[in-house]
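Accompanying notes for the structure given below.
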Amino acid sequence: MRLVIVGTGKVGEKMVEFFTKANHNVVIVDIDYKTVETVVNKYDVKGVVGFGLDRSVLQDAEVSSADFFIACTPRDELNVLSCVMAKKLGAAHTIARVRSPEYFEEVETISNFLGVDMVFNPEYRTALEIANILKFPFAYNVENFAGGKALLLELHVEPNSALSGNTVEHIIGQAGTGVLFAMAKRGGKVFIPRGDFVVEDGDILHVIASKDQIIGFCKKLGLYKRQSKNVFIVGGSMTAYYLAKALESTDTQVKILDIDEKRCQELSQKLPKAVILSGDGTDTNVLDEERLKDADACITLTGIDEENVIISLYAQQKKVTKIITKISRPAIISLVKNLGLDTVLSPHAVIANHILQFVRSSQSNSGLAINALYKISDVGEAIEFTVTESFPKRGIPLESLKLKSNLLIGGIVRDNEFILPTGKTVLLSGDKVIVVTTKSDITDLEQILR
Amino acid sequence: MNYKLVINILGKTLFICGLLLCIPFGISFIYNEQHLWQSFVYPIAGLFAIGLVMLLIRPEDKTILAKEGIIIVALTWVILSLVGAIPFVISGAIPSYIDAVFETVSGLTTTGASIITDVEALPKCMLFWRSFTHFIGGMGVLVFVLAILPKSSGSMHIYRAESPGPTSSKLVSKMSYTARILYTIYVVITLIQVVFYLCGGMPLFDSVLIAFSVAGTGGFAITNNGLAAYGTYSQVVASVFMFLFSLNFNLYYMILIGNVKKALKSEEFIAFAFIIFASIAVIAIDLLVSCKQFYTNFGTALKDAAFHVTSISSTTGISNNVNTDAWPTLAKSILLFLTICGAMAGSTGGGIKIARLVILFKAGISDVKKMVRPRTVTTVKFEGEVLSPETIHNTHSFLTLWFALVIMSIFILSFDKYDLFSNITATFACIGNVGPGFGEVGALKNYAGFSGISKGFLSLLMLAGRLELFPIFIMFQPTTWSKS
């Protein structure tokens, strides 16, 4: 597969990393000579220096034979326009980043008219992701399948929790309600756990369940925390705006603290329901006065990674139930891993996931394309497919299907009901099936078969 | 310095060197030279054994950083030169080791400067190995390694250090594909060349070896009177192919993907073509006017002018038994100028490279403009792209280091018995990977008369020229070898 990525900022580089790892042909275009050189030195890609709308630059990047053209320069207009240009030159699929709320609300219409295949907004996506996690504060991360009927939850095993020291079978027996242990990560290794797998402190577990099942499961094991209803956001960034917007429909009390008074004015106009506070988030006095310790959740969304980490550490000290930290720079993410911060989100990883899903779903040619895809711990994947008439192995019990190794059917949603698969379960037309794998080469449902 | 990584990759390279040595070993059976088996078996066995031990050292961190990439390239070339000389010594073809190293370096760096007075006396397998080193060195050993090795991050540093030119970029997004495309173009044009020689009645063995020599722009001949032994047709064919191999291989790729217009518009190509054709014309006329005793008709003059201009500008330096040393001064000056200029960047040729000269020329003009009007803001463009100050700075440093080496060489060579002009041209011919110079190292003479120290230094000079100076300087920089 051939991809052209214009603009190699953080999002661009993250995607270069993803796609070169998957052994695709990637060409990068950036206006800055230095950036191009750094990326070309680091990854096996070809680099072109130039403006993303320049015909000769795009021709040098061989856009005409590109399967995907992804524009993620800092300028929204440029991204959309260069997608139009790329489409004209022959790129098969075009993807543009559009971030500012002013454009984003109407961008679907405009981009459909112009022929841009996908528009993505990292801030918006990140906000949706945070809103989702706030519903399940006991999880480190949550992904939705089949419109929320099935959930993939990331649980971090803390010392002395009910999970550690027990086998998977024992835990499920104890909880009484079914959840599926899809994937485990220990010491950098990612694998699919079996029933006799003994959970240890520090393990990262990914489980699949319906909403009721996971809540029941966590209540039984004493891991449960109530949905956050009182949210304290530090940093009035674009993500904060989208998050507050997303939380408006739920009866959640939102406080946003930002240092810039002008920005606070803007936010108060746009978000009448939220409490907007003007003050320095790194000043613990301000945080104390605004009663951070009474909040259910603290979300740090300032533009500076280090500030986010420090504020989150303070919130941790104040025993805030749920803490979500936004970190943009990859180097800092790996640094804070050992700090025991609660959820750490990187907008670039969130969006790279989103794009990967789009790219992979466009790759299938059998009509059994991907509905949704999530990366698990950078290595594994959880993928949702719809079973259609063209899937040959309908009605055959799972235990008699010859599935590939390192692959698992993680759940089925039939008639809006979640079914935990057993050996006897069969796949029927219309089912939404979730496949968990430690590889990253599956583009359609038939490929799960050996 | 990530020593483990460097050792591991060098191990792989040693393995490939061993495999390469198997080819002349096979040739020795074809020509009933089995009695020379030791000359190949010992180094091959040694390379495989040492290579295997080095492969056992596994690096924790597999990222090749700039420093490691450059050192891998420099060491590969040094090791290959030292090991490649062993067969010559064991077989007795070149009894002295330093002479054998000089000959091997000259082969690998595609210089073609020889210390052998009677080439025809060499066994066939040794002749093959000698010419084959040209073919290996032409496109580069590590480019070959990159073509067959699975992807590794940081391979760009290796590619950049080994492929000639001020800027190197990939043809396609993947390094291994880029290297494969380059090698395919290289091999295919070489094969076409062999077919042309065969059509002219040249024996197969000779055709292949001459083709290696021209493809790598090396210049080793396998007869004592060079290409003169095969008649005019072969010399014309060789001239054409020497020109073709002195072109930037990116141009061939552009033509292959149908972008002929862009290839012909390349500034470097236009400059190079102009230099070549102007030189041929001026020399041909000069020969007719000032060298009446040898050249009476325009055809021969043109043929010899074209042969030597393409031979020197491509940095091949192959002989056709014409004594260019006896040519008029203007012709000799032009040839000396071409020796310094060299071929196009990204070709198999050596020299300073036309691309650098174009950049230096343009940067010079822009600097002069700035001096006249200090407030003028200028940009230097090359091939339609704005050059970064780093690239220009780098080109200037290249030239500075080049001069430093040249002056050093002239001093070192002056301890020998030869005259200054011979020493100067020998230096230019070695650093530019051309081979023949003028005077005592002229087209019909060789380097046998230099002392061991001079031969050793000239070998280093040839390596420096082939790797474009920086890797060799970096190798001799003590801080390169520190752990951190």
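Every chain is numbered from 1 and lettered A, B, ... according to where its sequence line falls, protein lines coming before strand lines. Because only heavy atoms are used, hydrogens play no part in the values below, and waters and symmetry mates are left out as well, while side chains stay in.
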Task: Salt-bridge contact Arg55(A)-Asp60(A) (side-chain N to carboxylate O under 4.0 Å) - done: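 Salt bridge: no.
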Task: NZ/NE/NH1/NH2 to OD/OE distance under 4.0 Å, Asp61(B) and Lys4(B) - done: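 Not counted as a salt bridge, because no side-chain N and carboxylate O are separated by less than 4.0 Å.
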Open item on the list: So for Val26(A), is it side chain, backbone, both, or neither that comes closer than 4.5 Å to the heavy atoms of chain B?
Closed with: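 Only the backbone of Val26(A) comes within 4.5 Å of chain B.
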Open item on the list: Under 4.5 Å from any heavy atom of chain B, what part of Glu62(A) do you find: side chain, backbone, both or neither?
Closed with: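 The side chain, not the backbone.
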TODO: Check the side chains of Ser266(B) and Glu268(B) for a donor-acceptor pair under 3.5 angstrom, ignoring hydrogens and angles.
DONE: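 Their side chains do not contain a donor-acceptor pair, so the 3.5 Å distance test is not met.
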Open item on the list: Can you see whether Thr8(A) engages Asp30(A) through a side-chain donor-acceptor pair at a distance of less than 3.5 angstrom?
Closed with: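 Yes - a donor-acceptor pair under 3.5 Å links their side chains.
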TODO: Rounded to the nearest 0.5 Å, what's the gap from CG on Leu65(B) to CD on Glu68(B)? Could you check?
DONE: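 With rounding to 0.5 Å, CG (Leu65(B)) is 5.0 Å from CD (Glu68(B)).
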- [ ] Could you tell me which portion of Tyr159(B) (side chain, backbone, both or neither) has an atom closer than 4.5 angstrom to a non-hydrogen atom of chain A?
- [x]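 The answer is neither part of Tyr159(B).
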TODO: Heavy atoms only, distances under 4.5 angstrom: which of Val40(A), Val27(A), Asn25(A), Val48(A) has the most pairs with chain B? Name it, please.
DONE: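 Of the options given, most contacts go to Asn25(A).
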Task: Pairs of heavy atoms under 4.5 Å with chain B: top-ranked of Lys46(A), His24(A), Arg2(A) - done: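 That would be Lys46(A).
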TODO: Compute the centroid of each ring, for Phe473(B) and then for Phe470(B), and state whether the two points are separated by less than 6.0 Å.
DONE: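 Not under 6.0 Å, so no.
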TODO: Would you confirm whether the ring centroid of His354(A) sits within less than 6.0 angstrom of the ring centroid of Phe120(A)?
DONE: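 Between Phe120(A) and His354(A), the centre distance exceeds or equals 6.0 Å.
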TODO: Anything in residues 376-396 of chain B with a heavy-atom distance to chain A below 4.5 Å? Please list those residues in order.
DONE: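 Those residues of residues 376-396 of chain B which have a heavy atom under 4.5 Å from chain A are Glu385(B), Ser388(B), Glu390(B), Thr391(B).
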Open item on the list: Tell me which pairs pass side chain to side chain donor-acceptor pair (under 3.5 Å) where either residue lies in residues 68-87 of chain A, with sequence neighbours left out.
Closed with: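 Passing the test, one end in residues 68-87 of chain A: Thr73(A)-Asn79(A), Asp76(A)-Ser100(A), Glu77(A)-Tyr103(A), Lys87(A)-Asp117(A).
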